[in-house]
Novice: 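Structure provided below as structure tokens; questions to follow.
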Amino acid sequence: MNKLLYNREIEDELMIQFIIMYAINGADEPLAYADLLGVVQNNCEISFTDLQLGLDNLVKTGHVASRRITDILTVYDLTQKGRYVIDFFYSQIPLIIREPMDKYLKDMYREKRLREAVRADIGPINENEFNVDCNLYNDDKLLIMSLQLYAGSRDEAERMAEHFKSHSTDIYSGVLDLFNEK
């Protein structure tokens, strides 16, 4: 836990709401209630009651949207109004709170990001010709390589896509080596 980094309880209602919006904004997808509690309460001292009041207020004011998935699962996402506010006021949240929250969220979604880091899509050029769009992302979702390759037949395109997915690290290293060759 990182609570020791910012060891005093946060009681300011507006700051609590900014922290909640910052946590929701940093998530890769709408954030489940339990995950929201984990992100916020594992990284700063906010009482459960104050956190719940802040979240309820954000939903009432239209900054956060809540969606009930099942009887026990509710997810939260920022509305456009909430994105505007957090973009404008995120610097009001102390860095000593933002950094651990960012790390917590990154770790929470690391496996999903790694699964989605290598993508290869087949697209038709015409009825009998295809290409393959190969993309490689790092774990921060930053595109680090994009290749579009002519494959000819559909079978060849599928083979190339599978090969890229299986050997993306070697392909990336090979491309870098070719560009850095003296």
Side-chain angles (χ1 to χ4, degrees), residues 1-12 14-59 63-80 82-121 134-146 164-173 176:
M1 283 192 196
N2 295 318
K3 289 183 179 183
L4 295 177
L5 293 175
Y6 196 83
N7 59 5
R8 64 176 195 217
E9 187 167 343
I10 301 168
E11 296 175 341
D12 181 277
L14 193 56
M15 178 60 68
I16 292 169
Q17 291 178 42
F18 286 153
I19 290 169
I20 293 168
M21 286 192 298
Y22 186 80
I24 294 170
N25 189 53
D28 288 358
E29 56 197 21
L31 200 56
Y33 182 74
D35 292 334
L36 177 60
L37 289 177
V39 172
V40 174
Q41 291 197 312
N42 284 333
N43 293 293
C44 55
E45 291 285 339
I46 297 175
S47 76
F48 175 80
T49 305
D50 288 345
L51 180 98
Q52 188 60 54
L53 289 172
L55 181 59
D56 289 345
N57 190 52
L58 289 168
V59 171
H63 291 90
V64 170
S66 70
R67 191 167 26 111
R68 189 178 196 111
I69 306 297
T70 67
D71 288 342
I72 58 170
L73 177 63
T74 301
V75 295
Y76 296 89
D77 202 4
L78 285 185
T79 63
Q80 189 63 33
R83 277 192 232 343
Y84 174 75
V85 170
I86 198 59
D87 285 346
F88 193 68
F89 289 109
Y90 85 98
S91 62
Q92 299 298 316
I93 302 167
L95 188 60
I96 202 162
I97 293 173
R98 288 194 322 248
E99 284 182 342
M101 288 177 74
D102 291 342
K103 183 183 180 324
Y104 188 98
L105 285 163
K106 184 177 178 180
D107 291 345
M108 193 167 98
Y109 291 106
R110 182 175 305 281
E111 282 187 38
K112 180 182 179 217
R113 287 179 178 179
L114 290 175
R115 279 193 314 271
E116 296 174 355
V118 180
R119 300 176 194 164
D121 299 311
C134 302
N135 295 304
L136 182 62
Y137 296 83
N138 71 2
D139 65 352
D140 286 324
K141 300 187 296 183
L142 177 69
L143 180 64
I144 58 174
M145 183 174 72
S146 180
F164 181 76
K165 288 178 183 177
S166 300
H167 299 89
S168 60
T169 305
D170 296 334
I171 293 168
Y172 180 69
S173 295
L176 286 180

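The basis for the numbers below is simple: all heavy atoms, side chains too, and nothing from hydrogens, waters or symmetry mates. Just so we're clear, the structure is a prediction, and the values are computed from it rather than from any experiment.
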Novice: Identify the heavy atoms of Glu9 and Ser47 that sit nearest to each other, and give their distance.
Specialist: OE2-CB, 3.5 Å

Novice: Answer yes when Asp102 and Lys106 have at least one side-chain N-carboxylate O distance shorter than 4.0 Å, and no when they do not.
Specialist: no

Novice: State the CD-CG distance between Gln41 and Leu36, to the nearest 0.5 angstrom.
Specialist: 9.0 Å

Novice: Please indicate whether Ile72 has more than 12 foreign heavy atoms, meaning atoms of other residues, nucleotides or ligands, lying under 6.0 Å from its CD1.
Specialist: no

Novice: Using every non-hydrogen atom in the two residues, find where Val39 and Met108 come nearest and quote the distance to one decimal.
Specialist: CG2-SD, 4.4 Å

Novice: Got a sec, which residues hit ring pair (Phe, Tyr, Trp, His ring centres under 6.0 Å) with Phe164, two or more places apart in sequence or on another chain?
Specialist: none

Novice: From Ser66 OG over to Asp56 CG, what is the distance, rounded to the nearest 0.5 angstrom?
Specialist: 9.0 Å

Novice: Which heavy atom in Met101 sits nearest to a heavy atom in Asn43, and how many Å separate them?
Specialist: CG-CB, 3.7 Å

Novice: Which distance, rounded to the nearest 0.5 Å, do you find between the CZ of Arg119 and the OG of Ser168?
Specialist: 12.0 Å

Novice: Between Leu95 and Pro100, which heavy-atom pair has the shortest distance, and what is it?
Specialist: O-CD, 4.1 Å

Novice: So which heavy atom on Leu55 is nearest to which on Tyr76, and how close?
Specialist: CD2-CZ, 3.7 Å

Novice: When Met145 is tested against each of Ile171, Asn135, Val118 for side chain to side chain contact (heavy atoms under 4.5 Å, CB included), which residue passes?
Specialist: Ile171

Novice: Going from CG on Asn25 to CG on Asp87, what distance comes out if it is rounded to the nearest 0.5 angstrom?
Specialist: 6.5 Å

Novice: When you measure from the side chain of Thr74 to the backbone of Arg67, do you find a donor-acceptor pair of N or O atoms at a distance under 3.5 Å?
Specialist: no

Novice: When you look at OH of Tyr90, are more than 12 heavy atoms from neighbouring residues, nucleotides or ligands closer to it than 6.0 Å?
Specialist: no

Novice: So Met15 and Pro94, do their side chains get closer than 4.5 Å, heavy atoms only?
Specialist: yes

Novice: Quick one: pull up CG in Leu53 and CD1 in Ile46 and give me the separation to the nearest 0.5 Å.
Specialist: 12.0 Å

Novice: With Ile86, which of Ile24, Ile20, Leu78 fulfils side chain to side chain contact (heavy atoms under 4.5 Å, CB included)?
Specialist: Leu78

Novice: Measure the CZ-CG distance between Arg83 and Asp77 for me, rounded to the nearest 0.5 Å.
Specialist: 5.5 Å

Novice: Look only at the side chain of Asp35 and the backbone of Leu31, and say whether a donor-acceptor pair between them is shorter than 3.5 Å.
Specialist: no

Novice: Over all heavy atoms of both residues, which pair between Thr79 and Val64 is shortest? Give the atoms and the distance, please.
Specialist: CG2-C, 4.0 Å

